[in-house]
Asks: 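Sharing a structure, written as structure tokens. Questions coming.
In what follows, every heavy atom counts, from backbone to side chain, and hydrogens, waters and symmetry copies are set aside.
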Amino acid sequence: MYRQIAKLVIYRNLEKDSILFRLADICKRFVEGGYHKESLVNEIYAEINKLLDISTQYGFDHNLWHCYLAYILATNENPFSITMEKVGAVEGSVNKFAVGDFAIFKNLFQYDFSEMEHALDIDCFSTILQYHAIEKTEQRYNKSVSDKVKVLAGQIDKAISAEEIFNIVTDFYKEYGVGKFGLNKAFRIAHIKDQVELYPIKNTDDVRLKDLVGYEIQKKKLIENTEAFVAGRKANNCLLFGDSGTGKSTSIKAILNEYYPKGLRMIEIYKHQFQDLSSVIAQVKNRNYRFIIYMDDLSFEEFEIEYKYLKAVIEGGLETKPENVLIYATSNRRHLIRETWNDRNDIQQEEGLHRSDTMQEKLSLVARFGVTINYSKPSQKEYYQIVTTLAKRYPEITLSEEELCAEANKWELSHGGISGRTAQQFINYISGRL
């Protein structure tokens, strides 16, 4: 195994402490002899433990070794895989190196651990090659990655030649992409050793636009803008504003789920991270996806100046915002930045300065969102419609519409007033009691 891995060309940028390299080193020492049996067995168990951790994280099953190798191919970002993500398989000398690497991976798929198991009196490799995982809910593992990797592993296992694997893997890159951006829907920002890193959000709400009752005009405007963006046409940054609990955040989460198969990805960012926006955009601008930078509950107090970073990135800086990046934000405030009475006085008596300039600076942030969509609080009639529509999705709720509306009215009086969120909380309460 070690000699095979040493011949990798395109995929040789694997971490040296990865499971693959560590197992290769173990196999090398086993073949060469002179090892301490107990120590070698302990090292094997340590790597098997790591493999089980990855398998649990991604819901791998059956042949964990095959799933792991397929996972490497699906997530390894290198010039070849990123190019295949953008244009698919094309003629080029690099293909010869790729075919050679895939031949090595085919040998790794077929690697026989039985001799080592017999000599060391262990059976852990036999177990992971025929593994029956405990069934888990989708919230317990990254299903988005799991399904794709398991299919890829099965296809490679059945492939007869390295050329066939070349076609399988390059088709995979073209259809799904490669690395964290290819296999995951959403990301968050983290600082690692003074570097801005994007980390996958492994479980997202599987909400759809049809799950949001009402607000058809608002959803239509959001869909039209997003479809234009995903299709590569001109689209605008989008601000969803209005009363709390009306479905602004739900709409954006639903948009991600609806258009993820078409290449849409989302990056969640908080206002204390706005200084990292330029770095984030630099990491995604050359990838073959459409990225929405998502800012939830966006608002600024008078003393906060983070909005200046946002203004510069959206429009106004020297560097043009990439065409594959848009900003979607939600806010309870129409103008995002809290206004004071002093903002509306043209003259500030203490200093004699023109306050209208301050007012214009604050309002200019909203002007940078080409699409603004108002999610207003539903009327009493609309609230009852939301309640009755949601109740139909729960077979255990058998109350009549009159009874539901009467109970919903009592609920909203003591739980924050009329909103879609209040309606869902009421339905959850009723359903939980039955």
Asks: How about Q110: does its CD atom have over 12 heavy atoms from other parts shown lying under 6.0 Å from it?
Replies: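 Yes, the 6.0 Å shell around CD holds more than 12 heavy atoms from other groups.
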Asks: Decide, yes or no, whether a salt bridge links E85 with R287 under the criterion of side-chain N to carboxylate O below 4.0 Å.
Replies: yes
Asks: Just by distance, with hydrogens left out, do T330 and D296 show a side-chain donor and acceptor under 3.5 Å apart?
Replies: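 D296 and T330 do have a side-chain donor-acceptor pair below 3.5 Å.
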Asks: Indicate yes or no: at least one non-hydrogen side-chain atom of L52 is less than 4.5 angstrom from one of I48.
Replies: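 SC-SC contact between L52 and I48 confirmed.
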Asks: Are I165 and K106 close enough, and set up right, to give a side-chain contact (heavy atoms from CB on, under 4.5 Å), and what steps lead you there?
Replies: CA-CA 8 Å; I165 297 176; K106 183 61 176 175; 3.6 Å; yes
Asks: Report the distance from atom CD1 of I156 to atom CG of L69, rounding to the nearest 0.5 Å.
Replies: 8.0 Å
Asks: Got a sec: does the NZ of K180 have more than 12 other heavy atoms crowding it under 6.0 Å?
Replies: yes
Asks: Would you mind reporting whether I293 and V325 have side-chain heavy atoms less than 4.5 Å apart?
Replies: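 Result yes, sub-4.5 Å side-chain heavy-atom pair found.
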Asks: Can you list the steps and then say if Y68 with S55 is a side chain to side chain donor-acceptor pair (under 3.5 Å)?
Replies: CA-CA 8 Å; Y68 171 67; S55 299; over 6 Å; no
Asks: For residues R265 and F181, report the shortest heavy-atom separation together with the two atoms involved.
Replies: NE-O, 2.5 Å
Asks: Will you find, in the side chains of N324 and K285, an N or O donor that is under 3.5 Å from an N or O acceptor?
Replies: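 No.
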Asks: On the 0 to 90° scale, with breaks at 30° and 60°, tag the Y173-F80 ring pair as parallel, tilted or perpendicular.
Replies: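 Geometry flag for F80 against Y173: perpendicular rings.
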Asks: Between E224 and K220, is there a side-chain N and carboxylate O pair less than 4.0 Å apart?
Replies: yes
Asks: Quick check: does any side chain N or O of T246 sit under 3.5 Å from a backbone N or O of G242, one acting as donor and the other as acceptor?
Replies: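 Here the side-chain-to-backbone pair does not exist.
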Asks: Hey, does F426 have a side-chain heavy atom less than 4.5 Å from the side chain of V387?
Replies: yes
Asks: Quick check: closest heavy atoms across P378 and Y383, and the distance to 0.1 Å?
Replies: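 Nearest pair, atom of P378 first, then Y383: CB-N, 4.1 Å.
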Asks: Strictly below 4.0 Å, N to O, side chains only: are K253 and E268 in salt-bridge contact?
Replies: no
Asks: Taking the side chain from N184 and the backbone from A186, do they hold a donor-acceptor pair closer than 3.5 Å?
Replies: no
Asks: When rounded to the nearest 0.5 angstrom, what distance separates OH in Y294 from CG in L256?
Replies: 10.5 Å
Asks: Which pair of non-hydrogen atoms, one from M295 and one from I269, has the smallest distance, and what is that distance?
Replies: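 Looking at all heavy atoms of both residues, the closest pair is CG-CG2, 3.7 Å.
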Asks: What do the steps show when you test C238 against L326 for side-chain contact (heavy atoms from CB on, under 4.5 Å), and what is the final call?
Replies: CA-CA 8 Å; C238 192; L326 278 186; over 6 Å; no
Asks: Test your reading of the model: is there a side-chain donor-acceptor pair from H66 to the backbone of F109, 3.5 Å cut-off?
Replies: yes
Asks: How about T422 and Q425: does a side-chain donor come under 3.5 Å of a side-chain acceptor?
Replies: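 Distance-only check fails for T422 and Q425.
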Asks: List the steps and the verdict of ring pair (Phe, Tyr, Trp, His ring centres under 6.0 Å) for Y58 and Y71.
Replies: CA-CA 10 Å; Y58 294 104; Y71 173 77; 5.0 Å; yes
Asks: Could you go step by step and tell me if D276 and Q273 meet the side-chain contact (heavy atoms from CB on, under 4.5 Å) rule?
Replies: CA-CA 5 Å; D276 299 325; Q273 299 171 319; 4.1 Å; yes
Asks: Any chance the side chains of Q380 and Y384 put a donor and an acceptor closer than 3.5 Å?
Replies: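 Y384 and Q380 do have a side-chain donor-acceptor pair below 3.5 Å.
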Asks: Below 4.5 Å, heavy atoms only, C-beta onward: do N332 and D243 meet side chain to side chain?
Replies: no
Asks: Looking only at side-chain N and O atoms, does Y375 offer a donor or acceptor that is under 3.5 Å from a partner on S251?
Replies: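 The criterion, which ignores hydrogens and geometry beyond distance, is satisfied for Y375 and S251.
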Asks: Might you point out which heavy atoms bring N225 and V371 nearest each other, and give the distance in Å?
Replies: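 Closest approach of N225 to V371, heavy atoms only: OD1-CG2, 3.7 Å.
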Asks: Quick check: closest heavy atoms across L390 and Y394, and the distance to 0.1 Å?
Replies: O-CD1, 3.1 Å
Asks: With no hydrogens and no angle check, is any side-chain donor or acceptor of S431 less than 3.5 Å from a backbone partner on N428?
Replies: no
Asks: Any side-chain heavy-atom pair from F291 and V280 closer than 4.5 angstrom?
Replies: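 Answer no - side chains too far apart.
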Asks: Are I373 and F241 side-chain neighbours, meaning at least one heavy-atom pair lies under 4.5 Å?
Replies: no
Asks: Can D53 and Q57 be said to form a side chain to side chain donor-acceptor pair (under 3.5 Å), step by step?
Replies: CA-CA 6 Å; D53 282 345; Q57 181 179 348; over 6 Å; no
Asks: Inspect the contact between E43 and R22 and indicate whether a charged nitrogen and a carboxylate oxygen are less than 4.0 angstrom apart.
Replies: yes
Asks: Walk me through whether D61 and Y131 qualify under side-chain contact (heavy atoms from CB on, under 4.5 Å).
Replies: CA-CA 6 Å; D61 200 0; Y131 193 79; 4.3 Å; yes
Asks: Using only atom types and a distance under 3.5 Å, with no angle test, would you say the side chain of D297 pairs donor to acceptor with the backbone of S331?
Replies: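 Between the backbone of S331 and the side chain of D297 there is no qualifying donor-acceptor contact (under 3.5 Å).
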Asks: Using modelled atom types only, decide if a donor and an acceptor are shared between the side chain of N78 and the backbone of N13 within a distance under 3.5 Å.
Replies: no
Asks: Is there side-chain contact between I5 and L20, with at least one heavy-atom pair below 4.5 Å?
Replies: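 They are in side-chain contact.
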Asks: Determine, stepwise, if the pair S400 / E403 fulfils side chain to side chain donor-acceptor pair (under 3.5 Å).
Replies: CA-CA 5 Å; S400 67; E403 292 172 321; 3.2 Å; yes
Asks: Is the shortest side-chain heavy-atom distance between F60 and I54 below 4.5 Å?
Replies: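 F60 vs I54: side chains touch.
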Asks: Which class fits the ring pair Y270 and H272: parallel under 30°, tilted 30 to 60°, perpendicular over 60°?
Replies: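 Judged by the thresholds at 30° and 60°, the geometry between Y270 and H272 is parallel.
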Asks: Working note: Y111 + F113, criterion ring pair (Phe, Tyr, Trp, His ring centres under 6.0 Å); need CA distance, chi angles, decisive distance, verdict.
Replies: CA-CA 6 Å; Y111 192 84; F113 292 98; 4.9 Å; yes
Asks: Tell me if the CZ atom of F97 is crowded by more than 12 foreign heavy atoms within 6.0 Å.
Replies: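 Atom CZ in F97 is not packed in, count stays at 12 or less.
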Asks: Measure up the F102 and Y11 rings against each other and bin them: parallel (under 30°), tilted (30 to 60°), perpendicular (over 60°).
Replies: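 Ring orientation of F102 relative to Y11: tilted.
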Asks: Are the side chain of K219 and the backbone N or O of L212 linked by a donor-acceptor pair below 3.5 Å?
Replies: yes
Asks: Hey, does the side chain of S18 reach the backbone of L14 with a donor-acceptor pair shorter than 3.5 angstrom?
Replies: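 Checking the backbone N and O of L14 against the side chain of S18, no donor-acceptor pair under 3.5 Å is found.
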Asks: Looking only at heavy atoms, which two atoms of N76 and V178 are closest? And how far apart?
Replies: O-CG2, 3.3 Å
Asks: If you count the non-hydrogen atoms of other residues, nucleotides and ligands that lie under 6.0 Å from CG in L413, is the total more than 12?
Replies: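 Check passes, neighbour count above 12.
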Asks: Can the positive tip of R290 be found less than 6.0 Å from the middle of the six-membered ring of F229, inside 45° of the ring normal?
Replies: yes
Asks: Drop me the distance from I255's CD1 to I223's CD1, to the nearest 0.5 angstrom.
Replies: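 One gets 5.5 Å once the value is rounded to the nearest 0.5 Å.
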Asks: I need the K86 NZ to N286 CG distance, nearest 0.5 Å.
Replies: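 Between atom NZ of K86 and atom CG of N286 there are 5.0 Å.
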Asks: Using atom types as modelled and distance alone, determine if a side-chain donor or acceptor of Q283 lies under 3.5 Å from a backbone N or O of V196.
Replies: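 A pair under 3.5 Å: yes.
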Asks: How long is the gap from CD on E163 to CD1 on I168, to the nearest 0.5 Å?
Replies: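 Nearest 0.5 Å value for the CD-CD1 distance: 11.5 Å.
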Asks: Looking at E77 and I82, would you say the former's side chain and the latter's main chain have a donor-acceptor pair under 3.5 Å?
Replies: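 Not confirmed, E77 side chain does not pair with I82 backbone.
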Asks: Going from CG on D211 to OG1 on T389, what distance comes out if it is rounded to the nearest 0.5 angstrom?
Replies: 12.0 Å
